[in-house]
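Here the structure comes first, spelled out in structure tokens, and everything after it is commentary.
Since the structure is predicted, the reported quantities are computational estimates derived from the model, not experimental observations. The sequence lines fix the lettering, A, B, ..., with proteins before strands; numbering per chain opens at 1.
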Amino acid sequence: MLFNSYIFLLFLVLVIPTYRILKGRSRTFFLLACSYFFYGYWDWRFCSLLLISTVADFLIGQRLFAATDDRLRKRFLWLSMGINLGILGFFKYFNFFVDSFEPMVQSLGGHLDFLHLNIILPVGISFYTFQTMSYTIDIYRKRIEPTRDFWSFALFVAFFPQLVAGPIERAADLLPRLEKLGLPTREQFRQGMALIVTGMFKKVMLGDTTGRLVDPIFAQSELYRSDELLFGLFLFSIQIYADFSGYSSIARGLAKLLGVELMHNFQQPYLSSNITEFWRRWHISLSSWLKDYLYISLGGNRQGTFRTHINLMTTMLLGGLWHGSNWTFVIWGGLHGTYLILHKLLLKGAKPTTHFEYQNAGQLGKYVLKVVATFLLVLLTWLFFRAEGLGQALEVLSSFVHWETGEFSGRLLKIALAFLVVTMAIDIAEYYTKKHTFLLKVPNGIRQGIMVSMALITLLYLFQAKPLPFVYFQF
Amino acid sequence: MNILKFGITTVVVLLVLELFLRTTEIAPTKYTRIDDTLGLVFRPNAPLLLLNEGFYLGNINAAGYLGPVRASSEVKRVVLLGDSYVEAFQVFERDHFATLTQAEFDQKGWDIQLENRGMSGFDLGQMYCRYLQTVVETTPELTVFFMAPEDFAVAYQVLSPMPQLTPEGALRISYPLERNSGISIRKQLENNFIYTSSTFTLLSNCRKLVAEGQWRTILFDKLAPTAETVEGVPNKETVAAPPLSDLAIKILEDLAGKPIAFATLKPYPPALRAQLKKLNFPIIDLMPEVDALRKQGIDPQYWEATNEQGHYNQQGHAAISQSLVRQLPALITN
């Protein structure tokens with residue numbers, strides 16, 4: 001079920017009031033049933049994967065905690081990793097590895113065609129797999145104790161607001177909240193509504209609309225001129241941000257309506273003045289997961305400069321691969337890894353800027369230049385992220401070198417600027433107020449006017465345009 | 001005070017969003033309007049950004065049709081009439097078969113100019129009216145009616161002129177205003193108010209979807225009643241071509257002797273082909289080049305971005321163009 005669909009809004013109209021009527025333990029069972037219905041709406045067979053992850057990690061978590069022998073504890077950890085990564089690897093990477101090894105096998109006279117399977121990727125599998133893995137790893141690291149409440153743990157794995165595209169929560173944060181489900185406070189309800197309205201606007205009016213323009217361009221990029229390809233790439237940078245941050249806002253808003261707090265996933269990343277800051281603001285739940293469970297496990301920055309850079313690059317490459325089984329994602333991760341290493345070298349141990357505070361016009365000008373430069377670096381990486389394959393990415397790059405202008409340059413520029421202005425207006429309001437619920441800072445009547453107008457246009461547009469799935473559902 | 005603030009803010013934000021919708025062209029204002037005598041026409045100079053199957057970005061020209069305005073009287077003009085397959089709001093103008101054919105003619109130094117007057121939904125009745133009302137007087141060398149077999153059925157049109165047979169069996173054009181005086185108010189409202197605003201166009205689109213019964217699927221998705229219970233307009237592509245009606249025969253007889261050819265991408269039934277031959281209409285068979293594409297494993301009607309079958313894609317247009325380049329010059333010379 002897509003958040004940006006009327007069927008989901010109807011689902012919500014039933015779920016929220018019913019949840020408010022229910023008391024105590026029945027809330028857990030009800031939300032669990034709703035979450036499985038929400039996930040099973042795509043394909044009920046995938047619910048079995050959720051169940052396998054849930055049962056396996058619940059049982060392993062308890063055994064792991066009870067075990068005192070280090071070797072036994074390690075075995076339980078590897079068992080959990082094996083199950084979770086096994087499911088993920090099979091559904092997501094099986095064909096990728098078959099494809100990647102095929103040329104080598106062919107050169108030896110063999111073939112791997114028989115290994116190709118028609119595998120459907122379960123929605124959001126990377127998200128809930130990483131979430132359950134963090135539970136077991138945290139028990140292994142003795143950061144948390146396993147829960148004895150199976151139903152709350154099942155809800156932790158399947159909680160519908162963040163099940164299919166995050167934020168990837170940690171058990172230490174989310175589990176206690178789900179174990180003590182309560183009603184939302186008045187403030188949570190107000191915040192939830194504001195987040196849902198702005199999130200839906202971002203997703204439907206910015207993410208989906210840009211996506212509709214981007215898709216045909218990348219489906220047949222050979223038909224388009226350089227300026228049109230650049231337009232497509234630029235709009236994709238808006239699409240992926242509006243789509244994902246919109247989704248995250250809706251997810252946080254929905255959770256608030258159920259009295260549950262979720263972590264921030266985006267903090268206006270395109271206003272970052274350097275690449276390190278960008279990664280502190282972009283897909284925060286994944287980048288912090290990779291930092292905690294991969295980068296630090298590899299040794300982090302404790303083993304000298306060279307090893308730090310290797311660890312950083314490894315983390316970014318695997319982070320790229322997490323997004324999908326395609327070499328373009330590996331290059332995307334590699335580019336970001338390179339940027340981060342270069343930035344570390346440039347900083348020479350100094351701390352990177354993390355927030356801009358206005359002092360004077362000159363300093364604002366410098367900040368804007370840095371933001372534009374950072375954005376251009378990120379834009380290049382989006383080409384590899386969006387391209388259908390490495391060949392297409394290189395063709396588009398070549399088209400930028402051998403520039404050819406089409407007949408609609410001015411018009412495309414106008415459209416791109418309009419999207420940029422609206423996206424940035426929302427971001428600047430969030431940046432300035434340091435809140436995604438910036439609308440709550442506005443006086444009552446005005447706030448309601450803004451929210452009603454945004455909701456009205458969003459719902460009208462949604463009614464006459466087929467909803468587009470979230471970009472990150474495929475990951 | 002709060003209600004006043006709410007009201008003013010709502011209006012202001014809606015106006016800002018209207019500006020956003022227009023500038024980004026994601027919900028453009030209507031590019032057509034209803035004319036008293038011509039029925040549905042394009043608004044001259046209207047910008048268009050459409051995402052039907054493919055991606056179309058362009059403009060209606062100042063004369064109210066597609067492609068560049070060609071005013072020279074020194075050249076042989078060929079007018080293309082047809083439905084959405086000729087209008088082709090799925091590909092950029094530069095990939096349209098008319099543009100590709102024109103480029104080929106220009107390269108060969110032939111003084112032939114094509115005018116694309118295709119319009120979505122047009123059948124024989126509307127093409128006939130449009131031909132008499134706007135094309136004949138411009139005396140083109142040739143007019144090509146792009147028609148699939150099913151387009152020879154003349155459907156009733158509420159807002160367009162349509163040919164009718166009088167009780168005496170004569171052919172005449174009846175105009176929407178004489179059939180229904182209420183149309184005037186609706187037309188005025190749509191032309192001057194609703195279709196000049198993106199927000200109202202969005203509202204109007206939603207109203208149409210509700211009227212067509214599609215609201216069930218939009219609201220309830222997979223849980224909506226099955227398609228059989230939803231009233232819908234039958235897709236003319238899937239309806240077998242009916243035998244020619246008396247009205248269609250009369251229209252064809254009236255057009256006989258004029259410089260007109262029929263072009264098709266689907267085989268005409270033998271009876272229809274015989275009727276057209278009897279009236280000495282040349283038939284431009286566009287299928288060989290398109291079929292050759294299919295034999296190469298290229299589907300000329302497949303759209304990768306939407307994963308849909310539909311109108312002709314860029315490769316299909318190129319094949320149609322090759323076909324026209326091969327067949328059109330002979331018809332003009334003759």
Subject >> Which portion of Q448(A) sits near chain B, non-hydrogen atoms under 4.5 angstrom >> reply: both
Original post:
From F385(A) CZ over to W382(A) CH2, what is the distance, rounded to the nearest 0.5 angstrom?
Top reply: 5.5 Å
Original post:
Who wins among W303(B), W215(B), F92(B) for the most heavy-atom pairs under 4.5 Å with chain A?
Top reply: F92(B)
**OP:** Scan side-chain atoms only and decide if Q309(B) and D299(B) contain a donor-acceptor pair under the 3.5 Å cut-off.
**Re:** yes
**OP:** Using distance alone, with no hydrogens and no angle criterion, decide if S245(A) and K202(A) have a side-chain donor and acceptor under 3.5 Å apart.
**Re:** yes
Original post:
So with a 6.0 Å cut-off around CG of L14(A), is the heavy-atom count from everything else above 12?
Top reply: yes
Subject >> Heavy-atom pairs under 4.5 Å with chain B, option from V214(A), I415(A), T209(A) with the top count >> reply: I415(A)
Original post:
Under 3.5 Å, is there a donor-acceptor pair linking the side chains of T198(A) and H436(A)?
Top reply: no
Original post:
In terms of heavy-atom proximity below 4.5 Å to chain B, should F8(A) be classed as side chain, backbone, both, or neither?
Top reply: neither
Subject >> Contacting moiety of L206(A), where chain B heavy atoms sit under 4.5 Å >> reply: side chain
Subject >> Choice from L460(A), D215(A), I217(A) maximising heavy atom contacts with chain B below 4.5 Å >> reply: L460(A)
Subject >> Heavy-atom proximity to chain A below 4.5 Å, by part of I8(B) >> reply: neither
Subject >> Heavy-atom contact with chain B under 4.5 Å, split by part of L10(A) >> reply: side chain
Subject >> Side-chain donor-acceptor contact under 3.5 Å, D208(A) with Y461(A) >> reply: no
**OP:** Check each atom of F408(A) against the heavy atoms of chain B and say whether the ones under 4.5 Å are side chain, backbone, both or neither.
**Re:** side chain
Original post:
So F463(A) and Y6(A), would you call those rings parallel, tilted or perpendicular, with 30° and 60° as cut-offs?
Top reply: perpendicular
Subject >> Which atoms of L223(B) approach chain A - backbone, side chain, both or neither, heavy atom under 4.5 Å >> reply: both
Original post:
Checking heavy atoms, do the side chain of Y224(A), its backbone, both or neither come under 4.5 Å from chain B?
Top reply: both
Original post:
Can you say whether K222(B) sits under 4.5 Å from chain A via the side chain, the backbone, both, or neither, judging by heavy atoms?
Top reply: both
**OP:** Evaluate the criterion side chain to side chain contact (heavy atoms under 4.5 Å, CB included) for residue pair R33(B) and V41(B); output intermediate values, then yes/no.
**Re:** CA-CA 6 Å; R33(B) 63 177 191 86; V41(B) 291; 3.8 Å; yes
Subject >> Engaged part of L51(B) at the chain A interface, taking heavy atoms whose separation is under 4.5 Å >> reply: side chain
Subject >> Any side-chain heavy-atom pair of V91(B) and F97(B) under 4.5 Å >> reply: no
Subject >> salt_bridge(R225(A), D227(A)) N-O dist < 4.0 Å >> reply: no
**OP:** Please flag which part of R447(A) lies under 4.5 Å from any non-hydrogen atom of chain B: side chain, backbone, both or neither.
**Re:** neither
**OP:** Tell me, for L412(A) versus chain B, whether the close heavy atoms (under 4.5 Å) come from the side chain, the backbone, both or neither.
**Re:** side chain
Original post:
Which region of M205(A), side chain (C-beta onward) or backbone (N, CA, C, O), has a non-hydrogen atom less than 4.5 Å from a non-hydrogen atom of chain B, or is it both or neither?
Top reply: both
**OP:** Could you tell me whether E228(A) and R94(B) make a salt bridge, using a distance below 4.0 angstrom between a side-chain N and a carboxylate O?
**Re:** yes
Original post:
Among L57(B), L209(B), L202(B), which residue forms the greatest number of heavy-atom pairs with chain A at distances under 4.5 Å?
Top reply: L57(B)
Subject >> Partner chain B: residue of T210(A), V422(A), L223(A) with the largest heavy-atom pair count (under 4.5 Å) >> reply: L223(A)
Original post:
Is the number of heavy atoms from other residues, nucleotides or ligands under 6.0 Å of Y41(A) OH greater than 12?
Top reply: yes
Original post:
Checking heavy atoms, do the side chain of L9(A), its backbone, both or neither come under 4.5 Å from chain B?
Top reply: neither
Subject >> Most chain B-contacting option - heavy-atom pairs closer than 4.5 Å, from K466(A), R411(A), R212(A), M1(A) >> reply: R411(A)
